[in-house]
Structure formats: C-alpha cells, structure tokens
Peer 1: 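Would you mind keeping the following structure in view while I ask a few things?
Bear in mind that the values here come from a model prediction, so they are computed numbers and not experimental data. Here is how names work: the chains are called A, B, and so on, in the same order as the sequence lines, proteins then strands, and each is numbered from 1.
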Amino acid sequence: PVPPGVLPLCSRPPVWGRAARQPPGLLLAPCRTFSNNKILVELDESSGVATMKFKSPPVNSLSLDFLTEFCISLEKLENNRACRGVIFTSAVPRIFSSGLDITEMCGKSTEHYAEFWRAVQEMWLRLYGSTMVTVAAVNGSSPAGGCLIALSCDYRIMVENPKFNIGLNEAQLGIVAPFWFKDTYVNVVGHRVAERSLQLGSLLPAPEAHKVGLVDELVPEEKLQEKAAAVMAQWLALPDHARQLTKSMMRKAVLDRLVAHREEDIQNFISFISKESIQKSLRMYMEMLKKKKS
Amino acid sequence: PVPPGVLPLCSRPPVWGRAARQPPGLLLAPCRTFSNNKILVELDESSGVATMKFKSPPVNSLSLDFLTEFCISLEKLENNRACRGVIFTSAVPRIFSSGLDITEMCGKSTEHYAEFWRAVQEMWLRLYGSTMVTVAAVNGSSPAGGCLIALSCDYRIMVENPKFNIGLNEAQLGIVAPFWFKDTYVNVVGHRVAERSLQLGSLLPAPEAHKVGLVDELVPEEKLQEKAAAVMAQWLALPDHARQLTKSMMRKAVLDRLVAHREEDIQNFISFISKESIQKSLRMYMEMLKKKKS
Amino acid sequence: PVPPGVLPLCSRPPVWGRAARQPPGLLLAPCRTFSNNKILVELDESSGVATMKFKSPPVNSLSLDFLTEFCISLEKLENNRACRGVIFTSAVPRIFSSGLDITEMCGKSTEHYAEFWRAVQEMWLRLYGSTMVTVAAVNGSSPAGGCLIALSCDYRIMVENPKFNIGLNEAQLGIVAPFWFKDTYVNVVGHRVAERSLQLGSLLPAPEAHKVGLVDELVPEEKLQEKAAAVMAQWLALPDHARQLTKSMMRKAVLDRLVAHREEDIQNFISFISKESIQKSLRMYMEMLKKKKS
C-alpha cells in the first residue's frame, strides 16, 4: 500500500513567499483582467490575488460552458506564478451559484451526459486540489453544486443575510449527491451533520450554516470583499510550499478516491440520470422553477 | 477495489413518495396492531409510520427473545410497502432499554453465546441498514445496547429529564464495546467524544447527551410522541429513493465492516465472555443490581 | 484483511483495579523518585500515579537526549505494575515544551537525522499507545512537538492564561507536520479544524484551544496539579483491562499506519530536512529566536 503521502498537489514548482515580498499596498498595481463569457477574472499582481466573479445570469448555473470556462480560468491562474490565491464570488445579485444546470441533465444523449459529468469532476478536482489559497465569498444562495464550490475552498465567508441559504439539497430533487460531494462535505462538517442534512436535502440559512460549520464566518454584505481580502492576506502570510504540502496531506485521500473511480462514476451518473423516473422528476422540477419565475 | 457504492441498503424496490400521496389527516385510518410478547408494533397505514414500543419489564433488556422479536418485527415492516418509517419508544416508565441482557452472557454454553451474539449483530445490521426512516423517541435511560438502538436510528429525540441518561458504558462493567458499536458512535459524536466517553464508560444525563450530539433534540415528556411524529413527517417529505441511496452511502462502510468480519466477531465475543475474570465481573455486577433493587 | 482489532496495546498483562484496592489516602506512601538529566519522574505507589516533569531549560525542547530519556522513563513506568497512570507537566515556568529541537535538524549528518527522527517516532508510538492513563497538565506554551505530547495523552488540562498558546505550528516555520502528527490532531479536533489550523500553523491561546477542543479543560495555574490528580482518579476508577482494550480500539488504526511506514517516514524526513531551502529557513528561524532572546 502506498504510504500517506505529502506530495504537492500539482507539479508547479513551489512559490516561497515570492509575491508577499512585493510592496502590498501599491495603489497603481498592474491588474490584469481577462473576461470570458461567464466568469470575470481579475488578477492583482501586486498582492498575487485573483478574483473569479461568476456573471452568468440569471442564477450562475453550472452549465457545460460555465464549467469549461471555470476550469480553463483556474488552470491559467494555477500556472501563473504571479498568482497565489483566488477569491470566488458572484456578480449576480442574491445568488452565488444555483449548482449544476439541470438542462444539461434532461433529454440529452449519453455522450452529452458523459461529457458534462467529466466537466463537473474536472472542476472539483482542480478546485479541491488547487495549490493556491482559495476563498469563497458567498454573496447569495448556494445550493447543490454551488455549495460544492464553496466547500472545496480553503475558507468560506458568507453574507449574513438569513434569506441566503446554502447546502447540498440534491435529495430534494430526487437525486443523490455523488460520493465525492459527500466526502468533501464530511471533511467540512463531520459525519453526523452530513448524514442528516444530505438525507433531508437541507438548505441552511446563512446563520445556521455558520452554526454547523458549513461556512467559517458571516459578514454584512458591504464588508464581504474587504473581509475576503483580509483572510486571503492571512493565508498568504504562510510560506506557500509548507502550506501546499499540508493542504495536500489533508485532501489527498478524498481526491485520490475520485481519480481511482472516475470512469465508473461517470457510468453511474449516466445510468442514474437516464432512468425515466429521474428524468420525469427533473422535468417536474424545471416546470416548478418556471412557474415560480412567472 | 470496489468503488464507494451508492447501492440501496436492501433489495426492496424503491418507494417513491407512495404513502405520502395518501390523505395524511384521515382520522379513521386503518391502523394495524400486531403485538408479540415483548414489543408492541402499531402501523398507521395512512401516514406510513409504524411504532415499535418496547414492553419487556422491568427494564426492556435485550434478551435473545427480545432481539429475535425485534428482528422479525422490523423485517415485517421493511417488507410492508405501506410502511415508510418507524418510531422506537418504550412502554416501560423511566427506561428506554437497559441494553444487552447480562443473564444471556453468564454461565451459558458456547453455542448459546454464539446464538446470542449473532442476534445482537442481526438487530444492528437490520436497524442501522434499514431503508425506512428510523426515529428514536427515548423516554427513559438508555445504557449500552439501549444506546446502540438509539445511535442506529436516523434521528434521536430524548425526554429532557436529567435523571434519564444514555451512553455506551460497557467499560464500567469491565467489558469492551465491540468495534461496530464504536463505529456507530464515532459516526454520531466524532472520534474525540467517543474515545473519551467509551474509555470512561460514561452515561450522560439527557442535557449533556444533547450537548455532545449524542441526541439531536430534547423535549418535555408529554411532547415526545408529537415531536417524533413531526420529525418523521419532515423526513418522509423526501422522495424515498434518493433518501435511501444517501443513507446507504453514509453507512455502507461501517455496515460492510461487520458483514466482512461477522464470524470472527462472534468468536471474539465468545472467547472474551468465556474468561473466568469476565464471568466473575458480570456476576458481581448482577449481584449489585439485585441488591440495588431490594 | 485483518479485522478491526481489540488487542491490548502492549503485551503487559492486564491490571484489574489492583492499585485501586490499596488504601488511596495513605499519607506516608512510598514515593519513588528517579531523576535523570532532563525529566523528573515521581511515582506515588499508593495511588499508582506517576508524574513526569520536564526540567530542561530554557524551553524543554525535544532534543535527542530528551526524547531518549522520555522513552526510557515511560517504558520503566509501563513495565512497573505499581504504575497505572502518568501526569505530564513542566518544571520550567511558562513553557510546557517548545517542541522538536531545531538544532538537531540543522547542519547535521543524514545518520543523525535518521536517529533523531526515529526517536521522535518512538516517543509518539510509546505515548499514544500507552496502556496507562495519560494526562497532560499543560502549564505553559506548547507549540509543535510540545502540542503533540499533549495531543497524545488521554486528557488535556491547560492553565487558563491566554498568554500560553498551543498548536501544531510547523507551517509557520516552512515545514510540514508529518502525517501521524496530523492523524493524532484530526482524532482530537476533527478534520476541518485540523485542515485550517495546520495550513495556517495556528498557535491558539488557551481559551481558543479549549473552544475548538484541542484541550479538554482550563484551570487557574494554582489548581492545575489538583485537577490533574482528580481527573486521573476518575480514569483510574475504571477496570484497567476494559479501558486499555477500548483505548487500543480507538487508536490502533493510526498507530499501525506509522508502524507500517516507519522507515519510509524516516527517509521522507531526511530528504525534506536536507533540502537547502529548508535548512536556510530553519537557520533564519533560529537567528530570529536568538535575536528575540537578547
């Protein structure tokens, strides 16, 4: 058996407090912005901190296009030695991300389901395994896949508005969170809270999410970005190499589990989602959402 | 290696909110009662909820007869498509269940020990792995095996009386909780609380049990059944299939562990319980209980 | 696969409340003291409780000499049937232990690194796997390896002074806590607290350490020894055999993991610590400490 490893998460050479040695308060710092369709990415090279802002109205749902753009953007930052940390937030009012796009899972071909699911896996593998410091600045509701993005970061700050809720509510839709959603959740809130809230498909209002440890901190909306920057600075004060090895040590078992069963997990998803009963349930859910909107 | 599975816990075809589609408030609902010697079972077919009420005075101890009746009753409900959830409670005042019947472990034959231990395993495998929603309405003290029944349910409500206590207190008797008692406990309260309270054989008064998460909720005695019904209704609002797959995903590893080592676990029990030092310790404990009673 | 075992941690024959049968309040009890260079060991044969008092100024750092003495002393007590529990505390004001001695890791030979690391492993294997009741009476700051000693005990009491802090702060020094430090930490505070504080190399003031469960209890300095004795008496009230088997069941998986990968772990340490970047970082840290002192 392979020993519990302390290998770095990716092959990028370790950054040793490099960016931190630059003057942090430089006002006219070069700030590269590269915006694609669905995500706005800003990198402040003076601090080494990037922001990925979801701007895919109405609800930042995780479509195949969104996921592809997410992975490409994250990979670019991962390979950019000027970037040491990423803050994830939303440009859409009142919603962080509504999770996986149900239209990608309804009435499509087996090939499409496979491609879509591989993209969901890829997003999680890159985010949960990122060597950069990742902070979720959750400024709106964040169900299902939206919650997974937050759970996969190193730290979660949420706007204290009790109208914003967060959780892995898949069971409410008649579907099941995959094992790696569950593993990620258990690593954050522990077995008991996960068992109960996954079975109930609970969406927790921000204050309750904070109480069970699903988010680390609550702040007023106007303080969110400032707080995210302060938390990021605290994490970036550590030498990157030691922090990265430590992060890898904590997350490797769960990452390896999906890597080892990735194709199987895709087949499981396809056979589950292709069931007529599940398709019917998802169609009913979409109808309900449409009625709610109008 | 087998991938982390999301298979249903038993082979019963999934129930998809079937019972829930029946009128829930029907006052003259058919309510089947089948009472055996030690457990009274009532099934309200309108709600799909059964109650298993322990009525084996003086202390609802888990004798071989009790365990056999428990397993048969639970299996009947599991196979009854009209039943979606079970509430466990006691008809004996001030005691939920006192745990394994010590007389079954004292001065008996090897064959008897084997039969008894297999029945204890069977009870736990059926209860912890039940596809139904299981709620413990703990209306009295609940040491050792009584605590295990509560721990194996999906949700635990306890009467707030601080004179009622609960815990895996095996160590106090000089015996050791088996690994699957421990696994079940760790899944509820986490490693640290389990390590400490298993070593000390702690029995926690209801308020402390609530504080460490051993029970989910405290209520006044007169509100217990009402609260249990309300919690059950909340859990039954979810589609059975998704809830069952999720429950299986959370509990499968621990269930599989006993299944894989069942015969070995029986042999361990026999060789441990047959030791003269253990037999002496159990006899002393029974003497103490007898004196206490008179 | 080997079943989840319930074997005793060491081969010492079980003690069945033996010492407890002796008169506990005997004032003129034989009290053997054997003091070596760096640790004062006192055994009160009437209570069966030993105290190991670290007296290696200025900061009780875990040098090779200290570790060797620690292991020999602990082994002596483990083999002494008159001893059932050990309290660990410091004779140096304001510091419990500063952790691994950095001078042992700086500018030394590969052979020295191997010998040193084997001694660190040995200390943890003996302490975490001890069949005796172990209580840490933390009367000062306790970073890194000092924290590991506390984490490896059965119970942790800390002086409530917020100037005393405790934690696995390796990341602050640019090094990584080994996997078995991490496993021990996760078993005490859970995955999430461990992930966050290991990455940040957090040293928590006593009140915060208590809040996250890193220590079990806070007391005023003048009450520490009294409290430690009371806690010890509570744990010793249990029959040794059942308590030892339970302890083994809780800790065996984590202990076995190091035993299985011990040589590999030594090689990992050597290759990590021999890196020029790490050596440079440690030298800088030592310079800083020297400047701080003067």
Peer 1: Rounded to the nearest 0.5 Å, what separates atom CD in C:Glu195 from atom OG1 in A:Thr246?
Peer 2: 10.5 Å
Peer 1: Indicate the atoms forming the closest heavy-atom contact of C:Ala171 with A:Pro239, along with that distance.
Peer 2: O-CD, 3.4 Å
Peer 1: Taking 4.5 Å as the heavy-atom cut-off, does anything in residues 184-192 of chain C contact chain A, and if so which residues?
Peer 2: C:Val186, C:His191, C:Arg192
Peer 1: Using a 6.0 Å cut-off, check whether atom NZ of C:Lys108 has over 12 heavy atoms from anything other than its own residue.
Peer 2: yes
Peer 1: Should we count CZ of C:Arg94 as having more than 12 external heavy atoms under 6.0 Å?
Peer 2: no
Peer 1: Is it the side chain or the backbone of C:Ala194 that comes within 4.5 Å of chain A heavy atoms, both, or neither?
Peer 2: both
Peer 1: Out of curiosity, C:Leu198 CG to A:Lys247 NZ, how far, rounded to the nearest 0.5 Å?
Peer 2: 14.0 Å
Peer 1: Inspect the surroundings of CE in C:Met286 and state if more than 12 heavy atoms from other residues, nucleotides or ligands are less than 6.0 Å away.
Peer 2: yes
Peer 1: State whether the number of non-hydrogen atoms from other residues, nucleotides or ligands found under 6.0 Å of C:Lys275 atom NZ is greater than 12.
Peer 2: yes
Peer 1: Check whether any side-chain heavy atom of C:Gln199 lies under 4.5 Å from a side-chain heavy atom of A:Leu238, and answer yes or no.
Peer 2: no
Peer 1: Just verifying a value: how many Å separate C:Phe272 CZ and A:His241 NE2, rounded to the nearest 0.5 Å?
Peer 2: 5.0 Å
